[in-house]
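Owing to the predicted nature of the structure, the values given are computational and were not obtained by experimental measurement. Below, read A as the first sequence line, B as the second, and so on, with proteins coming before strands; counting in each chain starts at 1.
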Amino acid sequence: MSASKEQVAEVLVGIATLLELKGENPFKARAYLNGARAVEGLNEPLGKVVAEGRLGEIKGIGEALQKKIAELVTTGRLVYYEELKAATPPGLVAMLEVPGLGPKKVKALHDQLHLEGPEELERACKAGKVAGLPGFGEKTQANILEGLERRRAYSSRHLLSEGLSAAEGVVEGLRQHPDVIRCSTAGSLRRFREVIGDIDVVASSKAAGRVLESFTGQPGVLRTIAKGDTKASVLLGDGIQCDLRVVSDAEYPSALLYFTGSKEHNIVLRQRAIERGLRLNEYGLFRSKEETREAGLRLPCRTEEEILERLGLHWIPPELREDAGEIARAETGPLPRLVEWTDLKGSLHNHSTWSDGHQRPEEIARSMGELGLAYWAITDHSKASFQANGLDAARLRAASADIRSVNAQLAREGNPFRLLTGVEVDILKDGTLDLPDAVLAELDVVIASVHQSFTQSEAETTRRLIRAAQNPYVHLLGHLSGRLLLEREPYKVDAHAVIECCAETGTWIELNAHPSRLDMDWRLWPYAKSKGVKCAINCDAHRFEHAGFLRLGAGIARKGWLEKADVVNTLPLEELLKELARKRAKRRA
DNA sequence: GCCGTTTTCGGCCCGACTGTTTTCAGTCG
């Protein structure tokens with residue numbers, strides 16, 4: 001029985017949270033957080049360090065943490081943590097998730113009103129009891145209620161990334177079932193919506209009953225919500241509902257088309273069928289305007305593509321089926337060849353241990369090179385992001401020197417992979433940048449992002465971003481809206497005005513592929529493209545595994561109608577370097 | 001709870017913002 005680095009870090013973070021709620025010395029709680037970070041940042045297996053008695057050599061881990069980590073690694077449990085958890089109502093931790101509520105306020109609510117969870121909190125707010133507490137007031141009470149409301153609205157929604165990973169297992173399982181002929185995801189997941197409600201799956205079979213039986217009985221199913229002759233709904237372990245519909249193989253293409261949607265897209269398709277004296281529904285494309293499933297009247301279509309063809313349309317990739325002009329385009333000719341994630345050669349926005357990333361540049365270079373990528377920019381935070389261990393000019397130069405020495409070593413080995421030096425520089429409140437131009441000029445890649453003062457007016461934030469884009473050393477703007485899906489609303493900004501400024505100044509815009517961001521929003525990319533603004537699909541990676549975000553980012557870029565030529569990090573290294581240099585030359589001229 | 005050429009006690013990354021206050025505590029990044 002042993003615990004991994006991640007599990008140990010999670011327990012240490014958990015302890016920190018509980019200590020804060022208890023009202024313990026905040027620095028004690030921070031010591032646990034530091035310990036968690038130290039463990040995560042370890043470059044070798046934790047078990048080995050423990051076995052060799054070297055835990056104490058790690059900065060941030062003293063006597064008390066050594067004992068606790070050793071206990072956790074050797075026994076898989078930690079008595080101290082379990083006792084702490086048992087002494088704290090679990091609802092208090094849930095209350096911390098309400099924006100504006102931190103440990104002190106939650107403790108006050110618990111001590112003075114004896115509230116033990118979000119439900120009791122809501123009742124107390126509605127009864128007006130919270131506003132009367134010292135340190136609270138009418139506004140705080142209203143904000144708590146709003147936060148609780150949002151929490152509820154979000155609770156049945158999930159990030160696309162979570163849906164994709166949950167759906168993968170389900171579809172794989174079904175495809176291996178002997179009675180399943182064809183199987184695919186459908187719905188918002190297949191359309192690559194950034195947030196989904198549930199997972200829709202369509203399968204074809206001659207033995208629907210057996211398929212549904214196997215579906216509801218698969219591992220990972222928490223409970224079966226409904227089960228009939230042709231469809232079943234289950235709740236998966238991670239809280240996501242998954243619906244499976246089983247149809248005959250002849251019905252499969254129309255079922256897939258129908259359940260992929262969107263609803264608006266379907267309405268237009270159905271209208272086109274009617275105009276041609278046909279009828280389209282989930283059972284097929286029929287030679288009759290009357291409601292029917294009669295097989296004899298069904299036009300033989302083997303695939304979605306054939307159905308679209310009968311309706312006079314070229315192929316429409318699922319990501320585009322939002323009734324956003326795709327049908328009119330498919331009428332006149334083939335749709336653009338959208339960017340594929342395999343077109344991407346690297347990521348231009350990533351972090352390392354120089355700020356808040358988890359691996360050192362050298363480790364990152366080795367790992368990304370092995371993935372077959374050509375380059376990877378290390379763009380750590382600037383000093384205004386204290387919480388992320390942001391860099392001042394001196395540390396940034398040291399980081400760049402580190403990166404260059406890694407590149408020199410790779411070159412000696414004949415390894416063509418290359419790290420790029422860079423920074424994710426904070427855009428300060430007035431639109432100036434957190435580092436002087438002279439420092440930015442030394443770097444391969446400069447991303448400018450907003451990390452503080454989210455509550456400015458739309459006009460102020462717009463001016464702020466425009467000013468940043470006008471800086472001659474800024475290559476691209478990072479996560480334009482600052483949104484965190486299902487967590488935090490975007491800040492108010494006139495995105496069209498910012499896009500227009502980027503077009504004028506030759507500044508690129510990032511499509512941040514972090515699952516919680518997927519920012520800039522896909523709805524804005526067609527406009528950016530029309531203005532000639534280029535996109536960089538970036539991982540914003542803080543760990544090795546985040547390289548996988550490229551796939552997600554490419555899907556969102558497809559949803560924004562982007563082609564390979566619209567995305568700068570599809571360029572080979574030499575051409576990318578030329579583009580990076582060209583922009584500066586142009587703007588200095 | 002951690003740390004140390006300011007060293008075994010007394011600090012602990014910092015600044016903005018909000019809503020509460022009437023000079024500041026709590027939260028956030």
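Side-chain atoms of A/T507 come within 3.5 Å of backbone N or O of A/A469 as a donor-acceptor pair. Between the side chain of A/D380 and the backbone N or O of A/S352 there is at least one donor-acceptor pair closer than 3.5 Å. The closest donor-acceptor contact from the side chain of A/E319 to the backbone of A/F192 lies at 3.5 Å or more, if one exists at all.
Using a 4.0 Å heavy-atom cutoff across all strands shown, A/K383 reaches no nucleic acid atom at all. Counting any heavy atom pair closer than 4.0 Å across all strands shown, A/P103 reaches sugar-phosphate atoms only and no base atom. Residue-level contact check: A/P99 touches the backbone only, with heavy atoms under 4.0 Å from sugar-phosphate atoms and none from bases. Using a 4.0 Å heavy-atom criterion, one finds that A/L19 contacts no nucleic acid atom at all. Within 4.0 Å (heavy atoms only), A/K107 reaches no atom of the nucleic acid at all. Residue-level contact check: A/Q452 touches neither bases nor backbone, having no heavy atom under 4.0 Å from any strand.
Checking the phosphate oxygens (OP1, OP2) of B/dC28, no side-chain nitrogen or oxygen of A/R488 falls inside 4.0 Å. Between B/dG15 and A/K429, no contact under 4.0 Å exists linking OP1 or OP2 to a side-chain N or O. For B/dT20, one of the phosphate oxygens OP1 or OP2 lies less than 4.0 angstrom from a side-chain nitrogen or oxygen of A/T140.
The CD1 atom of A/I58 sits 12 Å away from the P atom of B/dC2 (whole-angstrom rounding). What separates CG of A/N143 from C1' of B/dG26 is a distance of 13 Å, to the nearest Å. As rounded to whole Å, 15 Å separates atom C1' of B/dG19 from atom CD of A/E146. If you measure from atom CG of A/L65 to atom C1' of B/dC12, you get 15 Å, rounded to the nearest angstrom.
When the C1' atom is compared between B/dC13 and B/dC3, the two are found 15 Å apart, to the nearest whole Å.
Using Watson-Crick or G-U wobble geometry with both donor-acceptor distances under 3.5 Å, B/dT18 finds its partner in B/dA25.
A/H381 has its ring centre less than 6.0 Å from the ring centre of A/H451.
Checking each of A/D356, A/D426, A/D434 against A/S385 for a side chain to side chain donor-acceptor pair (under 3.5 Å) leaves exactly one that passes, namely A/D426.
The side chain of A/K68 has B/dG1 as its nearest neighbour among B/dC17, B/dG29, B/dG1.
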